[in-house]
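First up is the structure itself, then whatever we jot down about it.
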Amino acid sequence: MARKSFKPDYNACIGNNKHENFGSIYESMVKSEQFKALSNPARMLYVLCRIQHKSSTGKACLHNHGEEFGVKYPDACFVFPAKQQLEYGLQRTNTHRYFNELIEKGFIEKYESNKDRKKINVYRFSSKWKDSS
């Protein structure tokens, strides 16, 4: 008789939409002193950035942004427009501070600053936080 392999029930973890996105974060990162040093809102923002990075809206927004300027972005890049921030319940006035905290601590980096063009910034996930032990 064939042995049954364990398969987790992913449907138990999702809500009404069967195609919900998720962001993966490694345990080693969460246990690191650098991650623990982040403020709670910055940690939450990082988790939401991971989710937004894989979401269809996030990918479409980055693709449209890239096409507008004729740029092909690396896979680690993401955008987090104000509209999506509001959908996640974030206040736009505070997120700038927490993005700066994540950049300062080496979890993300600003790939493209579009302040002068009045467009959204493009960010990229970074592993520089590992070097600052």
Side-chain angles (χ1 to χ4, degrees):
M1 187 152 132
R3 209 171 164 194
K4 290 184 179 180
S5 62
F6 173 75
K7 292 183 180 175
D9 182 13
Y10 293 110
N11 292 328
C13 302
I14 61 174
N16 297 332
N17 184 356
K18 291 191 177 193
H19 301 289
E20 284 190 86
N21 297 300
F22 65 94
S24 59
I25 298 176
Y26 292 101
E27 183 180 16
S28 59
M29 177 189 281
V30 175
K31 288 183 175 180
S32 73
E33 292 302 317
Q34 295 84 348
F35 194 78
K36 290 177 185 176
L38 291 172
S39 64
N40 285 334
R43 287 185 208 170
M44 188 63 190
L45 179 62
Y46 185 80
V47 170
L48 294 175
C49 287
R50 280 290 186 186
I51 294 168
Q52 177 66 15
H53 174 246
K54 293 294 183 186
S55 76
S56 56
T57 11
K59 285 187 181 288
C61 190
L62 182 63
H63 176 73
N64 293 343
H65 182 75
E67 276 193 351
E68 185 178 340
F69 298 107
V71 178
K72 176 91 170 100
Y73 293 105
D75 189 44
C77 288
F78 67 96
V79 292
F80 204 171
K83 182 179 177 185
Q84 265 73 38
Q85 291 176 20
L86 291 173
E87 284 180 15
Y88 288 122
L90 300 174
Q91 293 178 352
R92 195 165 173 220
T93 55
N94 294 338
T95 53
H96 182 70
R97 176 183 341 154
Y98 301 122
F99 267 115
N100 286 340
E101 184 178 347
L102 290 171
I103 291 168
E104 190 178 294
K105 302 278 173 90
F107 288 91
I108 63 173
E109 56 190 20
K110 200 179 282 189
Y111 186 75
E112 184 178 273
S113 179
N114 292 315
K115 185 172 134 183
D116 298 330
R117 293 190 283 194
K118 303 262 187 213
K119 298 286 182 183
I120 52 178
N121 292 325
V122 179
Y123 298 96
R124 176 171 58 184
F125 291 107
S126 172
S127 56
K128 290 179 184 174
W129 61 271
K130 294 178 184 178
D131 302 332
S132 60
S133 11

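All values derive from a computational prediction rather than experimental measurement. Because only heavy atoms are used, hydrogens play no part in the values below, and waters and symmetry mates are left out as well, while side chains stay in.
Nearest heavy atoms, F99 versus C49: CE2-SG, 3.8 Å. Heavy-atom minimum distance, H53 versus D75: NE2-O, 2.7 Å. Considering every non-hydrogen atom in both V122 and C77, the closest pair reads CG1-CB, 4.0 Å. When all heavy atoms are compared, the tightest approach of E109 to S126 is OE1-OG, 4.0 Å. Shown here for K105 and A37, the closest heavy-atom pair between the two residues is NZ-O, 3.5 Å. The heavy-atom pair separating Q85 from T95 by the smallest distance is OE1-OG1, 3.0 Å.
Separation of atoms OG (S113) and CD1 (I120) is listed at 12.0 Å; rounding is to 0.5 Å. Rounding to the nearest 0.5 Å gives a distance of 4.5 Å between CH2 of W129 and OG of S32. Distance check: N121 CG to H96 NE2 gives 8.5 Å after rounding to the nearest 0.5 Å.
For the 3.5 Å distance criterion, the side chains of N100 and R97 fail to qualify, holding no donor opposite an acceptor.
Below 30°, between 30° and 60°, or above 60°: for F125 and F78 the angle between ring planes is below 30°, a parallel geometry. Taking the six-membered ring for Trp and thresholds of 30 and 60 degrees, F107 and F35 have ring planes more than 60 degrees apart, a perpendicular arrangement.
Take F80 and apply the ring pair (Phe, Tyr, Trp, His ring centres under 6.0 Å) test, not counting sequence neighbours, and it matches Y88. When the side-chain contact (heavy atoms from CB on, under 4.5 Å) test is applied to I25, the partners found at least two apart in sequence or on another chain are M29, V30, Y46, V47, R50.
In the displayed structure, K31 atom NZ is contacted under 6.0 Å by at most 12 heavy atoms of other residues, nucleotides or ligands.
A donor-acceptor contact shorter than 3.5 Å is absent between the side chain of Q52 and the backbone of Q84.
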